[in-house]
Amino acid sequence: MAQTFEELIGVHLDDLYSAALCFTQDEHLAEQLLQEASIRAFHQFPRQDSDFRYSMLGMLVSTYLQRRRRQGYDPLAPDRTLDDEILSAEPRGSIEPFPEPGTPAYRLLLDWIGRVWSELDDGDRLILWLADIERIRHRRVAEMTGLAEDEVRARHHRARRVLSHGAARVLDRYAEGGAE
């Protein structure tokens with residue numbers, strides 16, 4: 001049993017660490033989170049379903065949420081306020097293609113994405129990661145997080161808008177010769 005678990009987790013370790021790093025925004029905390037989730041998953045291993053990656057990601061999400069709630073913060077708490085400026089802003093008429101790698105606009109946009117990604121609300125970042133990076137459907141994200149599917153959709157939409165509107169502003173400023 002232990003051999004099989006080690007082999008399975010080894011295949012997915014890099015992806016799981018990336019997810020943990022996204023959730024925690026700290027390398028040391030990501031390692032601790034992944035270790036705690038792995039121990040929990042190991043003890044439940046015989047009962048897990050056949051999709052080990054999904055099960056392990058679910059365990060990682062569950063462990064992350066439990067840790068944050070023990071710290072007195074619920075990343076998925078419903079009493080958050082929305083950024084009205086971002087959500088009410090008119091979308092751009094046309095979106096320019098992503099800048100070519102290696103160009104100043106590309107570096108500027110990647111720097112901005114990294115900064116804004118870390119500034120996103122913890123719960124929105126979690127949902128955005130699961131829905132867009134992991135490509136998990138809203139229904140399954142709702143199951144993993146304990147949120148209603150409609151709330152997952154709304155938070156996913158909001159997080160995408162925050163990123164897309166901010167990226168459009170950065171690219172507009174760059175095109176006009178300004179800086180972020």
Side-chain angles (χ1 to χ4, degrees), residues 8-9 11-26 29-30 33-34 36-38 40-41 44-45 47-92 94-95 97-98 109-110 112-170:
L8 283 171
I9 201 158
V11 170
H12 303 289
L13 195 58
D14 288 343
D15 292 338
L16 293 167
Y17 176 75
S18 293
L21 188 57
C22 163
F23 303 161
T24 64
Q25 297 292 288
D26 179 276
L29 292 175
L33 176 63
L34 184 55
E36 185 178 337
S38 297
R40 288 178 60 199
Q44 296 180 9
F45 183 61
R47 294 185 305 269
Q48 290 179 342
D49 62 25
S50 61
D51 188 350
F52 180 82
R53 184 176 176 2
Y54 176 77
S55 295
M56 190 61 210
L57 190 58
M59 187 66 68
L60 193 66
V61 168
S62 172
T63 304
Y64 169 71
L65 292 173
Q66 287 175 1
R67 285 177 133 211
R68 293 296 283 156
R69 289 171 180 150
R70 278 193 311 257
Q71 296 168 344
Y73 175 74
D74 184 353
L76 302 175
D79 61 342
R80 299 186 49 255
T81 58
L82 302 178
D83 185 337
D84 292 330
E85 174 193 341
I86 289 176
L87 295 180
S88 64
E90 290 297 317
R92 288 172 46 137
S94 65
I95 302 293
F98 201 78
L109 189 59
L110 287 183
W112 177 86
I113 288 171
R115 187 173 66 250
V116 172
W117 183 263
S118 66
E119 293 171 0
L120 275 174
D121 172 81
D122 289 357
D124 290 352
R125 186 174 50 244
L126 173 74
I127 290 168
L128 190 65
W129 180 273
L130 294 173
D132 285 345
I133 306 300
E134 297 293 338
R135 310 294 294 163
I136 298 173
R137 294 186 181 275
H138 291 133
R139 179 183 53 79
R140 291 190 89 179
V141 172
E143 291 169 4
M144 289 175 122
T145 60
L147 295 173
E149 186 175 345
D150 288 344
E151 186 171 354
V152 168
R153 287 181 192 281
R155 292 184 76 156
H156 183 212
H157 176 74
R158 178 180 57 221
R160 279 183 158 186
R161 286 197 65 181
V162 168
L163 289 178
S164 65
H165 284 278
R169 286 193 304 271
V170 167

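The structure displayed is predicted, hence computed values, not measured ones.
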Review point. In chain order, what residues pass the side chain to side chain donor-acceptor pair (under 3.5 Å) check against Q25, with sequence neighbours excluded?
Key: none
Check your understanding: Between L130 and L57, is any pair of side-chain heavy atoms under 4.5 Å apart?
Key -> yes
Check your understanding: Yes or no on side-chain contact (heavy atoms from CB on, under 4.5 Å) for F52 and I9, after CA distance, side-chain angles and deciding distance?
Key -> CA-CA 8 Å; F52 180 82; I9 201 158; 4.1 Å; yes
Revision key, fill the gap. On a heavy-atom basis, the closest approach of Y64 and F23 is OH-O, 3.3 Å
Review point. Tell me the ring-ring contact (aromatic ring centres under 6.0 Å, His included) pairs involving residues 134-153, sequence neighbours left out?
Key: H138-H156
Check your understanding: Are L65 and L76 side-chain neighbours, meaning at least one heavy-atom pair lies under 4.5 Å?
Key -> yes
**Study point:** Distance (rounded to the nearest 0.5 Å) between D15 CG and M56 CE
**Key:** 12.0 Å
Review point. L34 and S38: side-chain contact (heavy atoms from CB on, under 4.5 Å), yes or no, with the steps?
Key: CA-CA 6 Å; L34 184 55; S38 297; 4.0 Å; yes
Revision key, fill the gap. To the nearest 0.5 Å, atom CG of L33 lies from atom CD of Q66 at 10.5 Å
**Study point:** side chain to side chain donor-acceptor pair (under 3.5 Å) partners of E36, counting only residues at least two apart
**Key:** R67
Review point. OG1/T24 to CZ/R125 distance, rounded to the nearest 0.5 angstrom?
Key: 8.0 Å
**Study point:** Heavy-atom pair of closest approach, residues T145 and R69
**Key:** O-NH2, 4.4 Å
Practice item. Over all heavy atoms of both residues, which pair between A19 and W129 is shortest? Give the atoms and the distance, please. Key: CB-NE1, 3.4 Å
Practice item. Could you tell me the separation between the CD atom of E149 and the CZ atom of R140, rounded to the nearest 0.5 Å? Key: 12.5 Å
Point to revise | Shortest non-hydrogen contact between P75 and R155, atoms and distance | key: O-NH2, 3.1 Å
Point to revise | side-chain contact (heavy atoms from CB on, under 4.5 Å) partners for L21, two or more places apart | key: Y17, E27, A30
Review point. What closest approach, in Å, do L147 and A142 show between heavy atoms, and which atom pair accounts for it?
Key: O-CB, 3.2 Å
Check your understanding: Roughly how far, to the nearest 0.5 Å, is the SG atom of C22 from the CD1 atom of I133?
Key -> 7.5 Å
Check your understanding: Under the side chain to side chain donor-acceptor pair (under 3.5 Å) test, which residues partner E151, sequence neighbours left out?
Key -> none
Practice item. List the steps and the verdict of side-chain contact (heavy atoms from CB on, under 4.5 Å) for Q44 and S55. Key: CA-CA 10 Å; Q44 296 180 9; S55 295; over 6 Å; no
Exercise for review: To the nearest 0.5 Å, tell me how far Y54 OH sits from E134 CD.
Suggested key: 11.0 Å
**Study point:** Residue list, side chain to side chain donor-acceptor pair (under 3.5 Å) with R68, at least two apart or on another chain
**Key:** Q71, D122
Check your understanding: Around atom CZ of R135, are there more than 12 heavy atoms of other residues, nucleotides or ligands at under 6.0 Å?
Key -> no
Review point. Could R158 and D121 be called an ion pair, given the rule that one side-chain N must be under 4.0 Å from one carboxylate O?
Key: no
